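Every heavy atom of this structure was used, including side-chain atoms; hydrogens, water molecules and symmetry mates were not. Worth saying up front: this structure is predicted, and the values here are computed from it rather than measured.
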Amino acid sequence: MVTIPEPARFTAGDYRFMARALALARTGWYSCRPNPRVGCVLVRDGEIVAEGSHLRAGEAHAERHALARAGAAARGATCYVTLEPCCHHGRTPPCTEALLAAGVARVVYARRDPNPAVAGGGAAMLRAAGVPVDGGLLAAVAANLNPGYESRMCRGRPWVRLKIAMSLDGKAALASGASQWLTGPEARADVQRLRAEAGAVLTGIGTVLADDPALTVRDARFDPPDQPLRIVLDSQLRMPLQAKMLGLPGRTLIGTTSAEPQRRAALEARGAEVHQLAAADGKVDPVALLTLLGTRQINDVLVEAGPTLAARLLELRLVDELVLYVAPRLLGAGAREALPVGGITDLLSTPWLEIVDDRRIGCDWRLLARPTED
């Protein structure tokens, strides 16, 4: 992970107030997609006069929430915000205009907004109006708030998080295919959290045919504005018309290479959205799918698939983050591998991963890993 040095111009108070803004940004963790998670603190004479966060897309941004609560106290205040203030008209007016109208004396932000409609323009507009602007405070910390948003804006595709449940000996299921329940209830509840924060959940047709999953958020702790988009990679349109997910609230998208019109019409009659995509090695090209999802404003994709699709995404280097739930079990030599990644011929060609978090979840262990840069 690249360490971004903090400019020397920041004071201890700047760090303290930005840390508070970062905490506020997390209040919109499950609800503000596809917009970024943003927190804002207004400070005058060393005291916080108002706070705000962005809670839902289409509603007021964090700066406007804080300004509305501050009222006249915003004049002469310093605004600490986790993302560069926007300067364009979307579903809400620009935050730069609101900050200027309120008479703030200084703006400090953590991350530069990668949105091409902003991308430094917000800071430039404020400076042109005579407001001092300092950026980059706790930028590396703020990067963890919106990896999906930044991925979509910079790469045109979502952040891909691959979830794998495995035994201590690296197996995903018995030789018979039985895998329920490999991990404990706490780990399964943690997967509900991952689904709640994802814009889409991706699986393959093999998993649908074997397990008939719902791929929905069913935990009352989370209240996303919509269920994540359910996606099935199904090259030959083998999706059963009676599949559980087709009868549930929310949307199901099927990515296919098939042009068979009758099968497509039958699935669309069941409420599925069918997209014919480019092929790669006789299967749906995952890059084509991710590009489509980028145009659909999907920031984060959670992959809950079988070993074959999981390994393929890893081999194509499309996985940005692995979430490994390791159960304290041994399934033996005849069991099915969790990640049958191919193409490795020697240790020097072995992919390196950085473990960025590890913790116990009930009786299991959760590892969070990200591929290192070459």
> Check whether any side-chain heavy atom of Pro371 lies under 4.5 Å from a side-chain heavy atom of Arg317, and answer yes or no.
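A side-chain contact under 4.5 Å is absent here.
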> Take Asp219 and Arg221 through the salt bridge (charged side-chain N to carboxylate O under 4.0 Å, His left out) test and state the conclusion after the steps.
CA-CA 5 Å; Asp219 194 318; Arg221 294 176 299 165; 2.9 Å; yes
> So, Gln227 side chain and Thr216 main chain: donor-acceptor pair closer than 3.5 Å or not?
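No; zero donor-acceptor contacts below 3.5 Å.
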> Check for me, please, whether Leu42 and Tyr109 land in the same ILVMFWY cluster - side-chain distances under 4.5 Å, paths through other members count.
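Shared cluster, yes.
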> Please check this pair: side chain of Asp169 against backbone of Leu330, looking for a donor-acceptor N/O pair closer than 3.5 Å.
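Not at all, since once roles are kept as given, no pair shorter than 3.5 Å links the two residues.
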> Measure the CG-CZ distance between Leu331 and Arg336 for me, rounded to the nearest 0.5 Å.
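CZ of Arg336 is found 12.0 Å from CG of Leu331.
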> Would you please test Leu289 and Leu202 for side-chain contact (heavy atoms from CB on, under 4.5 Å) and show each step?
CA-CA 10 Å; Leu289 173 69; Leu202 169 66; 3.9 Å; yes
> Distance from Ser53 atom OG to Leu22 atom CG, nearest 0.5 Å?
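Going from the OG atom of Ser53 to the CG atom of Leu22 covers 12.5 Å.
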> Do Val301 and Val201 make a side-chain contact, defined as non-hydrogen atoms from C-beta onward lying under 4.5 Å apart?
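No, every pair of side-chain atoms sits at 4.5 Å or beyond.
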> So do Val217 and Pro228 actually touch side chain to side chain, heavy atoms under 4.5 Å?
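Result yes, sub-4.5 Å side-chain heavy-atom pair found.
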> Is it possible for you to say whether Leu168 and Leu339 belong to one hydrophobic cluster, with membership spreading through side-chain heavy-atom contacts below 4.5 Å?
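Yes, Leu168 connects to Leu339 through the hydrophobic network.
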> Check for a donor-acceptor pair, side chain of Thr96 on one end and backbone N or O of Cys86 on the other, with a separation under 3.5 Å.
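The answer is yes, because a donor-acceptor pair under 3.5 Å joins these two groups.
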> Would you say that more than 12 heavy atoms from the other residues, nucleotides or ligands in this model lie under 6.0 Å from the NZ of Lys163, or not?
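It does: Lys163 NZ has more than 12 such atoms within range.
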> Taking the side chain as C-beta and beyond, is there a heavy-atom pair between Leu209 and Pro240 under 4.5 Å?
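Leu209 reaches Pro240 side chain to side chain.
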> Do you know which two heavy atoms are closest between Gly294 and Arg152, and how far apart they sit?
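Smallest interatomic distance, heavy atoms only, reads O-CD, 3.6 Å.
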> Below 4.0 angstrom, N of the basic side chain to O of the carboxylate: do Arg370 and Glu354 qualify?
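No, no charged N to carboxylate O under 4.0 Å.
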> Counting neighbours of CG on Asp281 that are heavy atoms of other residues, nucleotides or ligands and sit closer than 6.0 Å, is the number greater than 12?
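No, CG of Asp281 has 12 or fewer neighbouring heavy atoms, counting only those of other groups under 6.0 Å.
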> Hey, are Arg157 and Asp320 close enough for a salt bridge, meaning a charged N less than 4.0 Å from a carboxylate O?
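Yes, charged N to carboxylate O under 4.0 Å.
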> Charged N to carboxylate O below 4.0 Å: is that the case for Asp190 and Arg359?
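Not counted as a salt bridge, because no side-chain N and carboxylate O are separated by less than 4.0 Å.
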> Do Val81 and Val131 sit in one hydrophobic cluster, given that two such residues count as connected whenever their side-chain heavy atoms are within less than 4.5 Å of each other, even indirectly?
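Cluster IDs for Val81 and Val131 match.
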> Of the non-hydrogen atoms in Ala338 and Ala172, which two are nearest, and what is the gap between them?
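Of all heavy-atom pairs spanning Ala338 and Ala172, the closest is CA-CB, 3.7 Å.
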> Please step through salt bridge (charged side-chain N to carboxylate O under 4.0 Å, His left out) for the pair Arg37 and Glu197, ending with a clear verdict.
CA-CA 11 Å; Arg37 304 161 181 127; Glu197 67 182 63; 5.0 Å; no
> So among Glu268, Gln262, Glu260, which one has a side-chain hydrogen bond (donor to acceptor under 3.5 Å, both in side chains) with Arg264?
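Passing option: Glu268.
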> Is there a path of hydrophobic side-chain contacts, each under 4.5 Å between heavy atoms, that joins Leu137 and Val107?
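No.
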> Quick one, Trp159 with Glu150, criterion side-chain contact (heavy atoms from CB on, under 4.5 Å). Give me CA distance, side-chain angles, the key distance, then yes/no.
CA-CA 8 Å; Trp159 180 266; Glu150 295 200 15; over 6 Å; no
> Within the 4.5 Å heavy-atom criterion, are Pro158 and Leu290 side-chain neighbours or not?
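Yes, their side chains come closer than 4.5 Å.
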> Can you see which heavy atom on Ala198 is nearest to which on Leu302, and at what distance?
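Smallest interatomic distance, heavy atoms only, reads CB-CB, 4.0 Å.
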> Look at the side chain of Arg111 and the backbone N and O of Val141, then say whether any donor-acceptor pair between them is shorter than 3.5 Å.
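Checked: no pair found.
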> Output the distance between atom CG (Asp358) and atom CH2 (Trp365), rounded to the nearest 0.5 Å.
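With rounding to 0.5 Å, CG (Asp358) is 6.0 Å from CH2 (Trp365).
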> How far does CG of Asp300 sit from OH of Tyr149, to the nearest 0.5 angstrom?
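The OH atom of Tyr149 is 13.0 Å from CG of Asp300, to the nearest 0.5 Å.
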> Could you check whether any side-chain heavy atom of Arg106 comes within less than 4.5 Å of a side-chain heavy atom of Tyr80, counting everything from C-beta outward?
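Counting from C-beta outward, Arg106 and Tyr80 do come under 4.5 Å.
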> Any donor-acceptor pair under 3.5 Å linking the side chain of Thr207 with the backbone of Gly306?
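At least one qualifying donor-acceptor pair exists.
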> On a heavy-atom basis, which atom in Leu309 and which in Gly204 lie closest, and how many Å separate them?
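Distance-wise, the nearest heavy atoms are CD2-N, 3.8 Å.
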> So, the side chain of Arg64 versus the backbone of Cys95: is there a donor-acceptor pair under 3.5 Å, distance only?
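Side chain of Arg64 to backbone of Cys95: no pair is present.
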> Are the side chains of Pro328 and Asp364 in contact, using a 4.5 Å heavy-atom criterion?
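SC-SC contact between Asp364 and Pro328 confirmed.
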> side-chain contact (heavy atoms from CB on, under 4.5 Å), that's the test. Do Leu316 and Val287 meet it? Break it down for me.
CA-CA 9 Å; Leu316 293 173; Val287 175; 5.6 Å; no
> Taking the inter-plane angle between the rings of Phe10 and Tyr15 on a 0 to 90° scale, is it parallel (under 30°), tilted (30 to 60°) or perpendicular (over 60°)?
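Taking Tyr15 first and then Phe10, their aromatic rings stand perpendicular (interplane angle over 60°).
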> Give me the atom names and distance for the closest heavy-atom approach of Lys244 to Pro213.
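For Lys244 and Pro213, the tightest heavy-atom pair comes out as CB-O, 4.4 Å.
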> Please name the pair of heavy atoms, one in Ile298 and one in Ala200, separated by the smallest distance, quoted to 0.1 Å.
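Heavy atoms of Ile298 and Ala200 come nearest at CG2-CB, 4.0 Å.
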> Could you go step by step and tell me if Thr252 and Arg230 meet the side-chain hydrogen bond (donor to acceptor under 3.5 Å, both in side chains) rule?
CA-CA 5 Å; Thr252 298; Arg230 300 180 290 268; 3.1 Å; yes
> I'd like to know if the side chain of Asp134 reaches the main chain of Val108, judged simply by a donor and an acceptor atom lying under 3.5 Å from each other, with no hydrogens or angles considered.
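No, because the side chain of Asp134 does not come within donor-acceptor range (under 3.5 Å) of the backbone of Val108.
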> Rounded to the nearest 0.5 Å, how far does CD of Glu304 lie from CD1 of Ile231?
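Output value for this atom pair is 12.0 Å.
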> side-chain contact (heavy atoms from CB on, under 4.5 Å) for Met239 and Leu246? Distances and angles first, verdict last.
CA-CA 10 Å; Met239 182 79 168; Leu246 295 180; 4.2 Å; yes
> If only atom types and distance count, is the side chain of Thr82 paired as donor or acceptor with the main-chain N or O of Gly39 below 3.5 Å?
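Judged by distance alone, yes, a pair lies under 3.5 Å.
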> Under 4.5 Å between side-chain heavy atoms, hopping through other hydrophobics if needed: is there a path connecting Val191 to Ile361?
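Looking at the clustering, Ile361 is in a separate group from Val191.
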> Are Leu83 and His54 side-chain neighbours, meaning at least one heavy-atom pair lies under 4.5 Å?
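SC-SC contact between Leu83 and His54 ruled out.
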> Tell me, yes or no, whether the heavy-atom count around Arg69 atom CZ, taken from other residues, nucleotides or ligands under 6.0 Å, exceeds 12.
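Yes, enclosed.
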> Nearest 0.5 Å, please: how far is SG in Cys87 from CG in Asp113?
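SG of Cys87 is found 8.5 Å from CG of Asp113.
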> Set out, in order, the CA-CA distance, both residues' side-chain angles and the distance that settles salt bridge (charged side-chain N to carboxylate O under 4.0 Å, His left out) for Arg263 and Asp234, then state yes or no.
CA-CA 12 Å; Arg263 188 65 184 167; Asp234 180 10; over 6 Å; no
